Amino acid sequence: MSDLQRPRAIRSATDTPPSRLLEHDRHVTVSGRPIPLLATPADVADLDYDRDLGDPGRYPFTRGVHADLYRGKLWTMRQFAGFGTAEDTNRRYRFLLERGQTGLSVAFDLPTLMGRDADDPWSAGEVGHCGVSIGSLDDMQTLFAGIPLADVSTSMTINSPAAIIWAMYIAAAEAQGADVAKLRGTLQNDILKEFIAQKEFIFPPEPSLKLVTDTIAFGARHLPQFNTVSISGYHIREAGSTAVQELAFTLADGFAYVDAALAAGLAIDDFAPRLSFFFNSHLDLFEEVAKFRAARRIWARHMRERYHAKNPRSWLLRFHTQTAGCSLTAQQPHLNIVRTAYEALAGVLGGTQSLHTNSMDEALALPSEEAVEIALRTQQILALEIGVADTVDPLAGSYYVESMTSRLEAEAEAYFARIAELGGVVAALQEGFFQREIADAAHWYQMALERKQRIVVGVNEFVNAGERQAIPLLRIDPEVARSQVRKLADLRSRRDNLAVQSALAAVAQAARDGDNLMPPFIAAVKVHATLGEIVGTLKTIYGEYIEPIVI
Amino acid sequence: MERADTERTIRVLVAKAGLDGHDRGAKVVARALRDAGMEVIYTGIRQTPAMIAEAAVQEDVDAVGLSLLSGAHMHIFPEVLRLLREKGGDDILLTGGGCIGDEDMAALAALGVGRLFGPGASTREIVAYIRAEVASRRAPT
């Protein structure tokens with residue numbers, strides 16, 4: 001094999017960004033990885049089927065977590081949705097369920113994500129914009145009015161205040177008469193990637209991790225079918241990382257949660273089966289499929305060999321996929337339907353357990369009803385029309401995909417070693433390691449666009465001159481904020497404020513004592529303490545985090 | 001004196017306002033402005049309009065570049081503009097970008113906000129715009 005055909009040398013995790021190496025090469029993935037002209041048997045000479053792949057449903061699960069994958073059960077079609085008031089979002093959920101969606105996924109607005117009430121000065125201009133505003137148990141009950149929580153599985157994208165929002169969900173389900181032990185769903189609850197990428201942190205890392213382990217412990221005991229953490233690479237990728245950074249940083253976060261739960265005295269097999277993952281599916285089809293396959297293999301190997309988990313369910317990396325929001329363009333937005341379909345295809349070929357397909361208008365606003373229906377229908381076409389869901393892991397054995405799977409695994413291991421040298425995930429994020437790596441990759445990508453090393457149709461090539469925005473955008477009525485503020489004032493006047501004060505005091509006491517906070521959270525939301533009040537109470541004990549600034 | 005003023009290195013405050021923590025765009029732009037020879041001060045995330053206006057005036061910047069992806073732009077841009085004027089920074093260019101539709105961009109321009117850049121904008125365009133706009137504001141009238 002000539003040198004031209006051989007993939008070029010792997011960059012080590014600590015090398016300079018690819019910009020200097022690859023300024024003129026157009027044959028690179030969206031991550032800047034050189035693409036070989038041809039992969040050959042030599043690229044997979046070291047691959048051993050039983051050791052490295054295994055049949056689907058068998059260790060190390062490279063080929064999938066189930067033997068019959070989508071024949072047994074199609075992936076869950078789960079469109080992330082939320083905007084305005086709880087009433088607005090409740091209507092959107094019913095719309096999606098009527099059109100064949102099979103799971104719910106709640107998007108909260110920024111004040112909720114940051115643990116602030118709608119009447120907090122920091123919330124001005126943000127209420128109901130990025131998601132739904134949920135400040136109290138009343139809001140949570142309205143959100144799911146007419147939707148039996150005993151029967152649906154609900155994913156909630158919430159991190160810093162995840163434990164409190166979960167407490168509201170549990171209380172709302174109880175009020176509907178549901179058996180709490182049978183509730184199904186997923187809490188994102190991945191605070192590490194907030195420090196690394198999305199930046200919706202409130203408390204410093206240590207108490208933040210403590211809140212996560214509280215939910216893991218509580219879930220293991222009381223809600224055994226609920227995924228308590230969805231360890232997320234999605235936001236790392238959206239912040240500009242490469243595929244291997246997404247893979248490595250996400251799994252490193254996963255190991256950090258395992259370490260934290262073990263340190264809190266839990267047994268590995270009591271909680272590991274309820275850890276789940278959430279990845280991005282970007283434009284580079286083969287690189288993405290390789291990433292998903294590598295993720296399963298790495299997790300299985302570490303869980304079995306390093307953490308000595310005995311329950312095979314602890315070895316499984318189950319994941320949700322969302323197509324890449326950052327790949328969508330404001331220009332010629334209908335083309336985003338095509339991009340999203342290819343990205344969704346990568347998720348399915350990679351064996352995802354659930355999928356969100358982005359809507360074509362998401363570079364500009366939250367999706368309109370028409371756009372979200374097309375996005376959902378895209379999944380239905382994938383599932384039922386083009387044959388990709390009928391056979392498991394069809395790209396296995398491809399010289400290219402297998403060699404890239406192995407290479408991504410090796411590069412991720414190099415990152416794990418680097419993170420360990422830095423003292424672990426928390427130490428590394430406090431000194432800005434991840435943030436620098438991601439900023440470098442984001443900068444490389446932007447420059448690659450500007451020198452046309454990477455092409456984006458409609459943006460830096462095939463531009464329609466004089467194009468004007470031609471799709472209707474969802475607008476959030478300012479009345480949403482006013483109505484949320486009114487509801488809060490009303491709630492504060494009619495609830496038992498003495499009970500609220502004593503519930504908040506109990507939260508503070510438990511936080512000081514290091515007790516599991518889930519029981520006092522549930523007690524507090526039941527007497528209608530608001531999210532902002534509970535988070536405010538915790539801030540007096542934990543303090544707030546200020547990140548190092550990295551450009 | 002006038003000539004020295006026209007040639008002074010352009011100073012830009014790149015800011016993230018409100019609760020929005022999505023800082024990819026702000027950082028990429030900050031780096032590009034720096035690479036283009038400008039002096040860049042990056043505030044980091046979670047600044048109030050008052051903090052941004054105060055920093056802009058204190059640092060004597062030529063321009064403020066505000067990044068907003070959360071949908072709060074119709075609240076935060078006018079507020080920063082008002083506070084800049086109140087604190088004596090009327091001559092400071094307020095520009096920025098994020099997920100902002102055409103209609104909102106036009107409404108903000110009518111208030112006196114400079115050009116806003118949406119998804120897909122190139123950093124070269126942004127650099128060229130800031131250079132031209134600052135030069136015209138510095139030019140003796």
Side-chain angles (χ1 to χ4, degrees), chain A residues 83 109-111 113-114 116 120-130 194 197-201 235 238-240 326 328-331 361-366 435 438-440 442-443 445-447 449-450 456 458-460 463 468-471 473 475-476 478 481 546-551, chain B residues 14-36 40-51 68-80 97-106 116-127:
Chain A
F83 59 92
D109 70 355
L110 260 177
L113 294 170
M114 292 301 298
R116 291 181 183 272
D120 184 306
W122 273 96
S123 302
E126 312 264 23
V127 176
H129 278 248
C130 285
E194 295 297 334
Q198 188 169 240
K199 311 294 174 72
E200 284 153 11
F201 45 73
H235 321 79
E238 290 289 302
C326 62
L328 302 187
T329 62
Q331 296 75 14
D361 46 5
E362 291 191 38
L364 291 163
L366 293 192
Q435 298 91 317
I438 295 168
D440 284 348
H443 181 258
Y445 181 74
Q446 181 64 30
M447 295 305 124
L449 291 185
E450 296 190 9
V456 179
V459 173
N460 66 354
V463 175
R468 296 193 56 81
Q469 198 176 288
I471 49 174
L473 301 182
R475 298 195 78 89
I476 304 300
I546 297 170
E547 69 162 356
I549 292 182
V550 173
I551 295 184
Chain B
V14 173
K16 285 289 303 175
L19 297 173
D20 176 25
H22 294 82
D23 56 5
R24 173 180 183 168
K27 287 178 171 183
V28 166
V29 169
R31 209 188 266 204
L33 299 180
R34 202 178 58 192
D35 292 349
V40 178
I41 304 144
Y42 173 53
T43 61
I45 57 170
R46 228 144 274 151
Q47 306 290 304
T48 62
M51 289 156 86
L68 264 172
L69 288 84
S70 68
H73 48 270
M74 295 310 283
H75 172 74
I76 288 179
F77 274 98
E79 192 60 9
V80 172
C99 298
I100 304 172
D102 287 353
E103 249 178 65
D104 289 352
M105 283 191 188
L116 299 179
F117 296 85
S122 88
T123 60
R124 288 172 207 179
E125 270 179 274
I126 298 170
V127 167

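Not measured: the values here are computed from a predicted model. Numbers restart at 1 for each chain; the letters A, B, ... are given by sequence-line order, proteins then strands.
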Worksheet entry | Least distance between heavy atoms, Leu116(B) atom then Ile100(B) atom |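 Closest approach of Leu116(B) to Ile100(B), heavy atoms only: CD1-CD1, 4.1 Å.
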Fill in: 4.5 Å side-chain heavy-atom contact, Val14(B) and Ile41(B)
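They are not in side-chain contact.
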Worksheet item: Is chain A contacted by the side chain of Thr43(B), its backbone, both, or neither, given a heavy-atom distance below 4.5 Å?
Response: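 The answer is the backbone of Thr43(B).
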Worksheet item: Measuring heavy-atom distances to chain A, does Glu103(B) have an atom under 4.5 Å in its side chain, in its backbone, in both, or in neither?
Response: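 Contact with chain A is through the side chain of Glu103(B) alone.
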Checking [X] against chain B: side chain, backbone, both or neither under 4.5 Å from a heavy atom?
X	value
Pro111(A)	both
Tyr445(A)	side chain
Gln198(A)	both
Ala365(A)	neither
Glu200(A)	both
Leu449(A)	neither

Worksheet item: Without hydrogens or angle criteria, can the side chains of Thr123(B) and Glu450(A) be said to hold a donor-acceptor pair below 3.5 Å?
Response: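 Looking only at side-chain atoms, Glu450(A) and Thr123(B) do form a donor-acceptor pair, the distance falling under 3.5 Å.
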Worksheet item: Got a sec, which residues hit ring pair (Phe, Tyr, Trp, His ring centres under 6.0 Å) with His129(A), two or more places apart in sequence or on another chain?
Response: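 With neighbours one apart ignored, the set is empty.
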Worksheet entry | Check: Gln47(B) side chain, Ile45(B) main-chain N or O, donor-acceptor pair, under 3.5 Å |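 Confirmed, Gln47(B) side chain pairs with Ile45(B) backbone.
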Fill in: Donor-acceptor contact below 3.5 Å, side chain Glu126(A) vs main chain Ser123(A)
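No, Glu126(A) side chain to Ser123(A) backbone: no donor-acceptor pair under 3.5 Å.
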Fill in: Greatest number of heavy atom pairs closer than 4.5 Å to chain B - which of Gln435(A), Glu547(A), Arg475(A)
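Option with the top pair count is Arg475(A).
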Worksheet item: When only pairs under 4.5 Å are counted, which of Arg468(A), Lys199(A), Arg116(A) shares the most heavy-atom pairs with chain B?
Response: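 Maximum pair count with chain B is reached by Lys199(A).
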Discussion item. For the residue pair Arg46(B) and Phe201(A), would you count it as a cation-pi contact if the rule is NZ or CZ under 6.0 angstrom from the ring centre and within 45 degrees of the ring axis?
Written reply: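 Geometry flag: set, cation within 6.0 Å and 45°.
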Discussion item. Under the rule for salt bridge (charged side-chain N to carboxylate O under 4.0 Å, His left out), what residues qualify as partners of Asp20(B), not counting sequence neighbours?
Written reply: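 Result, salt bridge (charged side-chain N to carboxylate O under 4.0 Å, His left out) vs Asp20(B): Lys16(B).
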Fill in: Closest-packed option against chain A by number of heavy-atom pairs under 4.5 Å, given Ser70(B), Gly118(B), Ala121(B)
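Ranked by contacts with chain A, first place is Ser70(B).
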